[in-house]
Structure formats: C-alpha cells, structure tokens
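Both ligands and their constituent atoms are indexed starting at 1 by order of listing. These values consider heavy atoms only, across backbone and side chains, with no hydrogens, waters or symmetry-generated copies.
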Amino acid sequence: VNRPNHSVVSEFVFLGLSNSWEIQIFLFCFSCLFYISSLTGNLLIVVTVTSDPYLHSPMYFLLANLSVIDLIFCSIAAPKMICDLFRKQKVISFGGCIAQIFFSHAVGGTEMVLLIAMAFDRYVAICKPLHYLTIMSPRMCIFILVGAWTTGLIHSSTQLAFVVNLPFCGPNVLDSFYCDIPRLIKLACTDTHKLESMVTANSGFISLGAFFLLILSYIFLLATLQKHSSGGSSKALSTLSAHITVVVLFFGPLIFFYVCPSPSTPLDKFLAIFDAVLTPFLNPVIYTFRNREMKVATRRVFSLLLGVRKTI
Ligand SMILES: *[C@@H]1O[C@H](CO)[C@@H](O)[C@H](O)[C@H]1NC(C)=O
C-alpha cells in the first residue's frame, strides 16, 4: 500500500492561557507558587513516611506512593507551561506532545487504581480490623503497586495507539497549554468522530466508573462507622473525609474533560491548571492537616531538618 505522506506536522503550537499581561503575571506567580509547594509537600510526605517507623503501615505506604505519583504528575505539564507563559511562540515537538499524553495517562491511570486501593485499605481496616495486617501484608502492598502501574501503562498505551498513527497534515495550533487527546484528535486530517467516542469511552467511562465505585464504597464505610460508633470512629471519620475530598478533587476535572465534550471554554483551561498544579498540592495538605499522626511526624522531620533538638 502506498502510504501517503500525511504526517508533515513536526511540532504543535500552544495558544497558551491568555494574552493579557496582568493575567500572565498572575498565572506565573500562582503556578510557580503551587508547583513548588506541590513538590515540597509531596517530597515531605515521602520523606516523613519512609523515615518514621510509626508510619510504617500499609495506609501510609500507599499515601507515600500517591505522593510519588503526584510528584511525577505535576511535573508533566506545569514546568513547560510556566516557562512558556512569557514566550511569544509556545511550541512543542510532536514527540514531546506524545510524551505528555503518554505520561499523563499512565500516571493518571495509576493514581486511579491507587485511590481504589486506598479505599480497599480503609474497608479492611474498618470492617475487618482483626485481619488488617494479614490481608494488607507487604506482599499485598507490592501486588497493589505493580497492579496499579501495569494498569496505568496499559491504559496509556491503548490510548496512544489510537493517536500515534493519525495523519496530521496542516493545522497544528492547540488552544491549550499542554497536549491532550481530545484536542489533538481534532487536528487530524481525517474523520475522527469514531475515535472521539472511543476516547470518551476509554477515559471518560473508566473515570466515571471508578469515581462512582469509590463514592459508593466511602458511603458504605461511613454508614458502617455510624452503626458501630465507638471511641476510634472520629479519627476514622477524619481519615475517610480526607480520602473523599481527594477523590472528588482528582475525578471532578477529569470527568469534566472527558465526559462533557465542549473543549476550549475558558473554564476548561482554568480547570486544567487546577488539575495540573493545585490537586497535587492539595493532596499532602489534606492528608497532613486531617491526620494527627502525620502532623506529629512532619513536625519531627522538620525539626530534624532544621537541626533543632527536642527540648520538651
Ligand atoms: C510504596 O509502597 C511500597 C509497598 O508497600 C513500600 O515498600 C514503599 O516504601 C512505598 N514507597 C514510598 C515512597 O513510600
């Protein structure tokens, strides 16, 4: 078969976020602040959990792994966005664009599975407390992690398989600041209706399904807690509400992007910034502020880092 030389596009141009100087300065400060805070906050969680023997339990291992994922996730699109803000020509190579899509879906898929695993962990802790350590054994934790990353990589590769071979022949302007599939597909010189519904099915229904699964399991757990309300339940309640907040923050924007098919509204872009820098920043904040053990442990790490001796 004589394959026509369609793919002449070697780079894409981002329109960016705004042309107004004031908004650009604001976005620059906002994104820098939250990007750096995301990095520090998540790094702090990883250091705290790995260095504190009191936190060597499945729940905290999963939390630290979530922080590693957040560290990667916020470094996929945000640094380039921040560097691009004041550039006239915001370009990204074809390969760079594909890489952004690949990593964001791989890491996003992994995070989704990890959030489900964290709900399962809370289910075991609340409903089968006596078997907690046998069910959530180190082997189980490793199994969960391997499963999460495998799922992420498979999801991401299947998404890319649809996109990589599309013919891109002319228009190469993306009204965005990062590459993602729904927008990229619209630039292909072919009929992409089938493909768009495939992407909606793959990303949209998976995230919608996972979201409802998670919300239902947390409602079930809250109901169980209500029934056997005992001394430890207020702590369990605050842990659960932290989990639920993170789940809503993670899935809200995702569902908006993939299920509601109207890209390129300003709201869309601001939600994307929210997803890129604010959500990874909020995870550590929510977990550390809602959890007494984490708070105490973080303080310990801080005083170690600052070389302060404990005097009390
Ligand atoms: C991730 O989870 C595994 C398995 O529980 C654990 O051994 C590892 O320390 C965790 N990673 C981090 C960075 O805490």
List ligand 1 atoms under 4.0 Å from Cys141, heavy atoms only on the residue side.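 Result: 4 (C), 5 (O).
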Only heavy atoms of Ala64, strictly under 4.0 Å: list the atoms of ligand 1 that pass.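 The list of qualifying atoms is 12 (C), 14 (O).
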Hey, is atom 7 (O) of ligand 1 under 4.0 Å from any protein heavy atom?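 Under 4.0 Å from atom 7 (O) of ligand 1, zero protein heavy atoms found.
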I want to know whether [X] and [Y] have ring centres closer than 6.0 Å.
X	Y	result
Phe281	Phe34	yes
Phe12	Phe168	yes
Trp21	Phe86	yes

When you look at Leu15 and Ser176, which way does the side-chain contact (heavy atoms from CB on, under 4.5 Å) test go after all the steps? CA-CA 6 Å; Leu15 280 189; Ser176 178; over 6 Å; no
Examine Thr50 against ligand 1 and note whether any of their N/O atoms are separated by less than 3.5 Å.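 Thr50 vs ligand 1: no N/O contact under 3.5 Å.
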On the 0 to 90° scale, with breaks at 30° and 60°, tag the His105-His155 ring pair as parallel, tilted or perpendicular.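 Aromatic pair His105/His155 classed tilted.
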Please classify the Leu145 to ligand 1 contact at 4.0 Å (heavy-atom distances, strictly less than): side chain, backbone, both or neither.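 Side chain only; the backbone of Leu145 stays clear of ligand 1.
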Tell me the protein heavy atom at minimum distance from atom 2 (O) of ligand 1, and give that distance in Å.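 Minimum-distance protein heavy atom for atom 2 (O) of ligand 1 reads Asn65 ND2, 2.2 Å.
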